[in-house]
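Here the structure is laid out as structure tokens; the discussion comes afterwards.
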There are 2 protein chains.
Amino acid sequence: MSEREPTLRERRYSETRRAIQAHAVRLFTERGYDAVTVADVAEAAGVSAMTVYRHFATKEDLVLLEQPAELVAARVAASPPTQPLVRRVGGALVDAAAALTGGSDEAAANERFLLDCLRLMVETPALRARHLDGQYVLQQAVVDALGVDAASPEAEFRARAATSACLAVMHTALTRWVEEDGRTSLPELIAHALAASFGDDAVGQRG
Amino acid sequence: MSEREPTLRERRYSETRRAIQAHAVRLFTERGYDAVTVADVAEAAGVSAMTVYRHFATKEDLVLLEQPAELVAARVAASPPTQPLVRRVGGALVDAAAALTGGSDEAAANERFLLDCLRLMVETPALRARHLDGQYVLQQAVVDALGVDAASPEAEFRARAATSACLAVMHTALTRWVEEDGRTSLPELIAHALAASFGDDAVGQRG
DNA sequence: CCTCCGAATGTTAGTCACTAACATTGAGGT
DNA sequence: ACCTCAATGTTAGTGACTAACATTCGGAGG
């Protein structure tokens, strides 16, 4: 449908944004997050500091990646409500990770950039904190997608508990993935981490 | 043993620290974290802004509570290594929470202050992020206390996954505890959240 | 082709968290 | 009574971030 091709101004806008982020991640990786100022990033990207803030709300957002909340939520919503909560959520996370890192050719091209961002997020306390907090958005999306009885605080509490556990496990897998520099398949790592936490039977084989 | 009674200078130091933190939490609760500057806190406490930073590394640390890592680690280390990881860690968390909120009379007196701090931590994004990141310290302490084979990255990965899941569940319980303004017993909430995530049989009855 | 609108960017002048360096005061041991 | 040094104050910075206003230029309409 409405796939209007981007105008020149829009292309320049996106390109500026991309350039700023690319230079930021490169500089942060080279010199360390704290040793690089926003002014440094702006200069490297050939823009003013103000423009950086127009594209990214905070310095941290230069590295933070948007959490694929819809992707996960859709898979959670499609999972059979009869299964245990952690199996529904865990399965959705494994599937979403497979969709994001596995097939797509474009994903493979960006994998280096993705790993650089994640490495910064894992190693820099400020970024790690923000990333962990960002999972709250994802958590709420998943809890909503689980479709628990909204009138029952008890049921919602159980859903939140199970979801937060699954997301924490995924974060552990992400950390490990970065430590191995992406050598092991991410979905596999998540599945293993889920099995270690919830038992082997809680991680269903897909199909 | 060496229970030398505190000198006047030490008493003043502790009192200054306590006053700063009390005024900070009060002001943050009244006006909101972002609407209160460190200078405001300093003025309320009758000290200079520099003194606030001498007692607390950052503005966030005015609210953050030290995680009782040793308390939890000791209980984890004492748990039978034959049990599943999540049961060992989860049980330790329930016990530690009971020790912290249940018996002690001093704990009951500070419960209002504790709840105020936790409420700020849950509701303020910056504080929530820092608190979540702070659990990394606790996580490492627990993983060490589990005594897994240090030579096996696989075993350590499983321990990290299970521990992070348990801590996330505890955080969910803490959030709920704050939402209920402390009306339900915290250990009970943690136990229920653990059961919802790992199954009822994974939460052993103590004894 | 000209013209005007507005989106993207630049500039300037702030606020506030946080740090470093140096000055001051007073508790506590000699 | 004196000296030491820990606790605090003062001052001058850096850097993240914001608000307000100026500028430029792509693009839509005449």
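In the text below, chain A, chain B and the rest are named by the order of the sequence lines, each starting its count at 1.
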Partners passing ring-ring contact (aromatic ring centres under 6.0 Å, His included) against Phe157(B) (at least two apart in sequence or in another chain): none
With sequence neighbours excluded, tell me which residues meet ring-ring contact (aromatic ring centres under 6.0 Å, His included) with His23(A). none
Between dT9(C) atom P and Glu43(A) atom CD, what is the distance in whole Å? 18 Å
Holding to ring-ring contact (aromatic ring centres under 6.0 Å, His included), I want the full list of residues that pass it with His171(A), two or more places apart in sequence or in another chain. His131(A), Tyr136(B)
In short, salt bridge (charged side-chain N to carboxylate O under 4.0 Å, His left out) pairs touching residues 45-68 of chain B with sequence neighbours left out are Glu60(B)-Arg130(B), Asp61(B)-Arg130(B)
For residues 67-77 of chain A, the side chain to side chain donor-acceptor pair (under 3.5 Å) pairs (sequence neighbours left out) are none
Going 5' to 3' along nucleotides 5-17 of chain D, which nucleotides have protein heavy atoms under 4.0 Å from the base (write B), which only from the sugar-phosphate (write S), and which from neither (write -)? --SBBB----SSB
Rounded to the nearest Å, what distance is computed from the CG atom of residue Leu8(B) to the P atom of nucleotide dG26(C)? 12 Å
